[in-house]
Amino acid sequence: MTRSSPRHDVIIVGAGIAGMACALALASRGVRPLVLETRKKLGGRATSFTDVRSAEVLDNCQHVALGCCTNFLDFLGSIGTASALTWYDDQYWFEPGGRMSIITANGLGRLSPAPGHYAASLLRATFLTLGEKVILSRGILDILSTDRSRWRDRTFELFLRTSGQTDRLISRFWEPVIASACNLPCNRVAASSALHVFQEGFLAHRRSASIGIPSIPLVELYRNLPTLLESRGGEIRLGCSVDQLTTTSVTLSRTGETLHAPAVISAVPFPSALQIIDPTIQAADARFAAMRTFGTSPILGVHLRFDRPVLRTPHAVLVDQPTQWLFSAPGHTDGRAVHAVISAADAWLQLSEEQVASQILTDIRRCMPWAAQARLLSCRPVKEKLATIAPTPEMEAHRPAATAGPGSLILAGDYTDTGWPSTMEGAVRSGRIAAAAFLGLSPESLLSPSLAPGLLTLALGLRPPSDSTSPGYRGILPAQPALAS
Ligand SMILES: Cc1cc2nc3c(=O)[nH]c(=O)nc-3n(C[C@H](O)[C@H](O)[C@H](O)COP(=O)(O)OP(=O)(O)OC[C@H]3O[C@@H](n4cnc5c(N)ncnc54)[C@H](O)[C@@H]3O)c2cc1C
């Protein structure tokens, strides 16, 4: 059966963050979107599930936002759930033996403008030697003055070596930050992607790296979206899988029904896009040949319950350990419910549940000796094999634009060329850029402004990348330095 969808101006396939952000941006401008989502819930890779063992609602993995994620925060604001994020200015780094260093822009850091806001706490940190701190500051100055678009074709490790960074500094400092932000280790990730994280995520503004952690299950963040869209003439259909997609039609899996609309936007991950987008469209559009070469990188999230308090801070970095980050589970503050996150988790995929539990326990006990007697009551690993794109130098240069010109299929999703790593911020940006393409507007007309870099940051060399015609790169705007930074 084939029919048009007269109530709708556009069909969006996929109700992850990109599809939702695209739909909301369009509905807010009088366009009536129909969103089709194969699962029976919203959120895609940033969602929750009910655990059959405990009947608890758990997130597939802890998701954190940073202060620099201005589009994601604006998206949550527009659906009324921005206040569900709890903000932390302090990062707690635990070394083997149990010493803790707090990296913070507070305390003495308040006296220093960006990008020096972490200098005082880094100087006091015990997990690096004084000599390493000197080398680290050279690395930071080099990051500030580097045009990241010139480093798309080389790895971040090469950049770090060029800047004199040592093996120990890489494994103790650079690796935990980059693996969690880009989901690849320093020796695989494109330097441009890692430089972006440090330039915009840490150095540009004193609030850039504040950590926002949802205090409710991820799926609850989107609870107001369906009614909001409906009130503006839009609609979301859950449990509705698309088999085939053209620029003006979609064919549904279960019924074989074909729906027509003036335009269709693909907001599914790139492997699904390659499966469902009409082969004749793919053959005529160079974006798809490049997408066939893309790789993915896994993330492991592990829900742990202990018989006594283990985690004494809201979150923790375990210095130089396979287990990278620990978080207090949402709604729990007693340190017994802990969520462990391992990014770039290739080495963990083959491990059994018992092996995962044993490795994490070893890492926790090494850095938190008070947990030596703690008994693990339950361990629920969630392995996301296709968690994010693998932003290697080979891939970064070929991330597809939202359109390939007038009449071409519009693509949204965290894999598209937003300039951002595969994150919730990247997904919202991609959705808004796709909406702008549909409306014939410039991307920045729908993007929230980035946190403007401070005057000292600019004086030390931070500049927009020279290929800043790419929508995702329109972040650093020297024309409006932040007086308040
Ligand atoms: C384990 C893990 C941890 C992460 N941690 C963080 C973090 O801490 N911070 C952060 O910012 N980001 C994090 N991310 C990344 C973030 O989750 C993603 O970048 C973002 O959610 C991607 O959104 P998207 O809309 O582009 O894609 P998706 O979320 O994949 O959405 C695509 C949607 O399309 C649907 N779909 C697919 N095929 C079809 C079809 N044929 N028909 C209909 N619907 C279809 C899917 O079901 C899905 O809902 C993490 C990701 C994972 C997996």
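We count ligands from 1, going down the list as the structure has it; atoms in each ligand are counted the same way.
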Can you check whether Ile17 has an N/O within less than 3.5 Å of an N/O in ligand 1?
yes

Should Pro269 be listed as contacting ligand 1, given a heavy-atom distance under 4.0 Å as the test?
yes

So, 4.0 Å and heavy atoms of Gly431: is ligand 1 close enough to count as a contact?
no

Looking only at N/O atoms, are Asn60 and ligand 1 under 3.5 Å apart anywhere?
no

Using a 4.0 Å cutoff against the non-hydrogen atoms of Ile299, which atoms of ligand 1 qualify?
1 (C), 2 (C), 3 (C), 4 (C), 52 (C)

Atom 18 (C) of ligand 1 [closest protein heavy-atom partner, distance rounded to 0.1 Å]
Asp414 OD2, 3.4 Å

Which of the atoms in ligand 1, numbered in the order shown and given with their element, are less than 4.0 Å from a heavy-atom of Leu36?
43 (C), 44 (N)

Taking distance alone, with no angle check, do Gly19 and ligand 1 share an N/O pair under 3.5 Å?
no

Can Gly301 be said to touch ligand 1, with heavy atoms closer than 4.0 Å?
no

Do me a favour and list the nearest non-hydrogen protein atom to atom 47 (O) of ligand 1 with residue, atom name and distance?
Glu37 OE2, 2.6 Å

Of the side chain and backbone of Ser430, name the one, both, or neither that has a heavy atom under 4.0 Å from an atom of ligand 1.
neither

Indicate, as side chain, backbone, both or neither, the part of Arg45 found under 4.0 angstrom from ligand 1 when only non-hydrogen atoms are considered.
both

Got an N/O contact under 3.5 Å between Ala427 and ligand 1?
no

Which of the atoms of ligand 1 are close to Gln62, meaning less than 4.0 Å from one of its heavy atoms?
5 (N), 8 (O)

Where ligand 1 meets Ser422 - atom numbers and elements under 4.0 angstrom, heavy-atom basis:
15 (C), 19 (O)

re atom 14 (N) of ligand 1, the protein heavy-atom contact at minimum distance is His63 NE2, 3.3 Å

Short list, please: which atoms of ligand 1 are under 4.0 Å from a heavy atom of Gly413?
26 (O)

Using heavy atoms and a 4.0 Å limit, tell me yes or no: is Gly43 in contact with ligand 1?
yes

Within ligand 1, which atoms have a heavy atom of Ala46 less than 4.0 Å away?
17 (O), 21 (O)

Counting only heavy atoms from other residues, nucleotides and ligands, does the tally under 6.0 Å from CZ of Arg53 exceed 12?
yes

In terms of ring plane angle, is the pair Phe173 and Phe127 parallel, tilted or perpendicular, where the classes change at 30° and 60°?
parallel

State the OG-CD distance between Ser450 and Glu444, to the nearest 0.5 angstrom.
11.0 Å

Does Gly426 reach ligand 1, in the sense of a heavy atom lying below 4.0 Å from it?
no

Find all atoms of ligand 1 within a distance of less than 4.0 Å from any non-hydrogen atom belonging to Gly16, and give their numbers and elements.
25 (O), 29 (O), 31 (O), 33 (C), 49 (O)

I'd like to check whether Met424 has a polar contact with ligand 1, where a contact means an N/O of the residue lying under 3.5 Å from an N/O of the ligand.
yes

Between Arg39 and ligand 1, does any nitrogen or oxygen pair lie at a separation below 3.5 Å?
no

Thr38 N/O to ligand 1 N/O under 3.5 Å:
yes

Would you say the side-chain atoms of Ser28 and Arg232 include a donor-acceptor pair closer than 3.5 Å?
yes

Report, in ascending order of atom number, the atoms of ligand 1 lying under 4.0 Å from any heavy atom of Ser272.
37 (C), 38 (N)

Can you label the angle between the Phe156 ring and the Phe159 ring as parallel, tilted or perpendicular, going by 30° and 60°?
parallel

Starting from atom 8 (O) of ligand 1, locate the nearest protein heavy atom and write down its residue, its atom name and how far away it is, to 0.1 Å.
Val64 N, 2.8 Å

